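Sequence positions, counted from 1, serve as the residue numbers for this chain. Values below: every heavy atom of this structure, side chains too, minus hydrogens, waters and symmetry copies. Quantities reported herein were computed from a predicted structural model and do not represent experimental measurements.
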Amino acid sequence: DKYLGLVQQPLPLATAGYAALSGLVGWSFLRGLPLPRKKVVRVSGYGAMLLLLVLTAGYLWAWRASSDPTPIVVQRQLARGDALLAQNDRDGAHLAYLQTYRRFPRSFAVLMALGAVNYRLGDYERARRYYSRGVDVAPSDSRYRALSNLGQTCWKLDEPEEALEYYEQARLAGIPPSFRVEWHYRVAWASFDASDFDGAIHNYAEVAAAGEKYAAASYWNMACAQSQKLKRTKDAEEQNLLVAEAVGNLRQAWRHSETAEEREFVNSGLLGGPEDRDPELAPLLKTPAYLAFIKEFRGE
């Protein structure tokens with residue numbers, strides 16, 4: 001299956017072929033094989049042993065191939081869909097993936113591709129269905145990815161609490177180091193939308209500390225979360241601390257803005273008109289520390 005794309009699981013076919021060919025070799029050794037013109041060909045004991053070794057090696061090769069549930073025909077069809085997606089032909093990619101899915105409805109790779117393309121098309125309900133099926137058939141070392149994508153889809157569907165449950169399941173399934181920053185960033189967004197501002201601050205801080213592509217956004221969002229916490233407390237000392245931390249994070253957001261887009265976002269969010277400012281920062285806007293920071297930012 002993996003190498004020829006003829007059947008979905010190669011082992012049954014290989015077992016039948018191995019038994020038939022082994023019997024044929026044994027018959028040829030003991031009785032000989034009749035050929036045209038009344039000739040009979042027999043293999044020697046050495047030849048029979050060599051043929052059996054070759055057949056056994058081929059059988060073991062098929063057995064190893066069966067451990068990979070993605071046949072090469074699926075890989076080729078997915079590659080065609082990926083190429084269309086890279087050209088921003090999302091409808092064409094969706095059709096290519098769907099055609100593959102009809103033949104291999106339990107392929108993890110196909111289910112993840114369909115989930116991803118429906119996510120990009122904005123059909124989050126359908127993406128959730130494919131990701132859910134992907135969780136059911138996921139290899140143990142990839143289950144975290146299906147769960148995390150399922151959580152992200154729930155977040156897009158305005159279900160942050162359910163998203164957090166899937167993110168926690170993904171963590172328990174084992175998050176590899178290469179995905180840890182992305183996972184923290186997703187958890188932070190869902191925590192914020194679930195009004196768990198402490199959880200949001202913690203996870204944004206993890207992302208910011210990593211200093212990768214989400215660093216500037218994470219500092220900004222930490223300030224937003226601290227600003228929202230400001231509304232919940234009446235304690236003057238805690239309010240002052242939250243304002244100081246929020247202003248410090250806004251300053252860090254500017255320092256870590258590496259692209260023109262990031263710098264424009266921060267500049268507009270701090271100095272732009274009312275329609276440009278992040279509404280989550282509203283509780284900060286009239287505090288003395290924030291006003292002093294704005295003067296500093298303007299260079300006054």
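Under the rule for a salt bridge (charged side-chain N to carboxylate O under 4.0 Å, His left out), the partners of Glu168 that lie at least two apart in sequence or sit in another chain are Arg171. Annotation: side-chain hydrogen bond (donor to acceptor under 3.5 Å, both in side chains) contacts of Tyr97 (sequence neighbours excluded): Asp82. Remark: Arg126 engages Asp123 in a salt bridge (charged side-chain N to carboxylate O under 4.0 Å, His left out) (not counting sequence neighbours). Residues that satisfy the salt bridge (charged side-chain N to carboxylate O under 4.0 Å, His left out) test with Arg180, not counting sequence neighbours, are absent from this structure. With sequence neighbours left out, the side-chain hydrogen bond (donor to acceptor under 3.5 Å, both in side chains) criterion links Asp196 to no other residue. With sequence neighbours excluded, no residue forms a salt bridge (charged side-chain N to carboxylate O under 4.0 Å, His left out) with Glu261. Residues that satisfy the side chain to side chain contact (heavy atoms under 4.5 Å, CB included) test with Arg277, not counting sequence neighbours, are Leu285. Residues that satisfy the side chain to side chain contact (heavy atoms under 4.5 Å, CB included) test with Ala292, not counting sequence neighbours, are absent from this structure. Contacts of Tyr219 classified as ring pair (Phe, Tyr, Trp, His ring centres under 6.0 Å), with partners at least two apart in sequence or in another chain: His256. Residues satisfying the ring pair (Phe, Tyr, Trp, His ring centres under 6.0 Å) criterion with Tyr130, sequence neighbours excluded, are Tyr101.
Clustering of Ile, Leu, Val, Met, Phe, Trp and Tyr side chains at separations under 4.5 Å places Phe192 together with Phe197.
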Take Leu98 and Val117, measure what side chain to side chain contact (heavy atoms under 4.5 Å, CB included) needs, and give me the verdict at the end.
CA-CA 10 Å; Leu98 197 58; Val117 74; over 6 Å; no

After noting the C-alpha distance and the side-chain angles of Tyr167 and Gln152, does the key distance pass the side chain to side chain donor-acceptor pair (under 3.5 Å) rule?
CA-CA 8 Å; Tyr167 290 145; Gln152 180 72 3; 2.9 Å; yes

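More than 12 non-hydrogen atoms from other residues, nucleotides or ligands lie less than 6.0 angstrom from CD of Glu275. For Glu258, the CD atom counts as loosely surrounded, since its 6.0 Å shell holds 12 or fewer non-hydrogen atoms of other residues, nucleotides or ligands.
A heavy-atom distance below 4.5 Å is found between the side chains of Glu296 and Arg251. The shortest distance between side-chain heavy atoms of Asn249 and Tyr204 does not fall below 4.5 Å. Proximity of Asn118 to Tyr124: side-chain heavy atoms (C-beta onward) are nowhere separated by under 4.5 Å. Proximity of Ser227 to Glu280: side-chain heavy atoms (C-beta onward) are nowhere separated by under 4.5 Å. With a 4.5 Å cut-off on side-chain heavy atoms, Leu114 and His94 count as touching. Here the side chains of Ser195 and Arg232 are in contact, with some heavy-atom distance below 4.5 Å. Within the 4.5 Å cutoff, the side chain of Leu270 has no heavy atoms near those of the Trp254 side chain. For the pair Thr100/Ser107, no side-chain contact is recorded, criterion being any heavy-atom separation below 4.5 Å from C-beta on.
For the pair Ile175 and Ala170, the tightest heavy-atom approach, listed with the atom from each and the gap, is CD1-O, 3.5 Å. Across all non-hydrogen atoms, the minimal contact from Gly81 to Ala93 is O-CB, 3.3 Å. Smallest separation of non-hydrogen atoms from Ala200 and Ala225: CB-CB, 4.5 Å. When all heavy atoms of Lys286 and Leu291 are compared, the pair lying nearest together is O-CD1, 3.9 Å. Nearest heavy-atom pair, Ala190 versus Ala163, reported as atom, atom and distance to 0.1 Å: CB-CB, 4.3 Å. For the residue pair Gly199 and Ser191, the shortest heavy atom distance occurs at C-CB, 3.9 Å.
Under a cutoff of 6.0 Å and an axis angle of 45°, Arg186 and Trp155 do not form a cation-pi pair.
Under the 3.5 Å distance criterion, with hydrogens and angles disregarded, a donor-acceptor pair is assigned to the side chains of Thr233 and Glu238. Judged by distance alone, the side chains of Glu206 and Tyr185 never bring a donor and an acceptor atom under 3.5 Å apart. With hydrogens and angles left out, the side-chain atoms of Arg80 and Gln99 include a donor and acceptor closer than 3.5 Å.
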Quiz: residues 134-143 side-chain donor-acceptor pairs under 3.5 angstrom, not counting sequence neighbours:
none

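Hydrophobic clustering, with ILVMFWY side chains joined whenever heavy atoms are under 4.5 angstrom apart, groups Leu78 together with Leu85. Leu284 and Met222 are members of different hydrophobic clusters when ILVMFWY side chains are connected at heavy-atom separations under 4.5 Å. Neither Ile201 nor Tyr290 shares a network with the other; the hydrophobic side chains, linked directly or stepwise wherever heavy atoms of I, L, V, M, F, W or Y lie under 4.5 Å apart, form separate groups for each. By the criterion of side-chain heavy atoms lying less than 4.5 angstrom apart, applied directly or through intervening Ile, Leu, Val, Met, Phe, Trp or Tyr residues, Leu95 is not grouped with Val110; the two fall into different hydrophobic clusters. The hydrophobic cluster containing Leu281 also contains Leu230, counting ILVMFWY residues as joined when their side-chain heavy atoms lie under 4.5 angstrom apart, directly or transitively.
Once rounded to the nearest 0.5 Å, the distance linking CG of Asp276 with CG of Leu271 reads 10.5 Å. Separation of atoms CG (Asn221) and CH2 (Trp189) is listed at 4.5 Å; rounding is to 0.5 Å. Put simply, CD on Gln169 and OG on Ser148 are 11.5 Å apart, with the number rounded to the nearest 0.5 Å. Distance check, rounded to the nearest 0.5 Å: OG of Ser268 to CZ of Arg263 gives 14.0 Å. Here CG of Asn240 is found 11.0 Å from CD of Glu245. Values are rounded to the nearest 0.5 Å. Note: Cys224 SG to Asp278 CG = 4.0 Å, rounded to the nearest 0.5 Å.
Less than 6.0 angstrom separates the ring centroid of Phe265 from the ring centroid of Trp220.
Using modelled atom types, one side-chain atom of Gln226 and one backbone atom of Ala246 make a donor-acceptor pair closer than 3.5 Å. Between the Ser132 side chain and the Arg128 main chain, a donor and an acceptor come within less than 3.5 Å of each other. Without hydrogens or angle criteria, Arg90 side chain to Arg120 main chain gives a donor-acceptor distance under 3.5 Å.
Under a 4.0 Å N-O distance rule, the pair Glu182/Arg145 does not qualify as a salt bridge.
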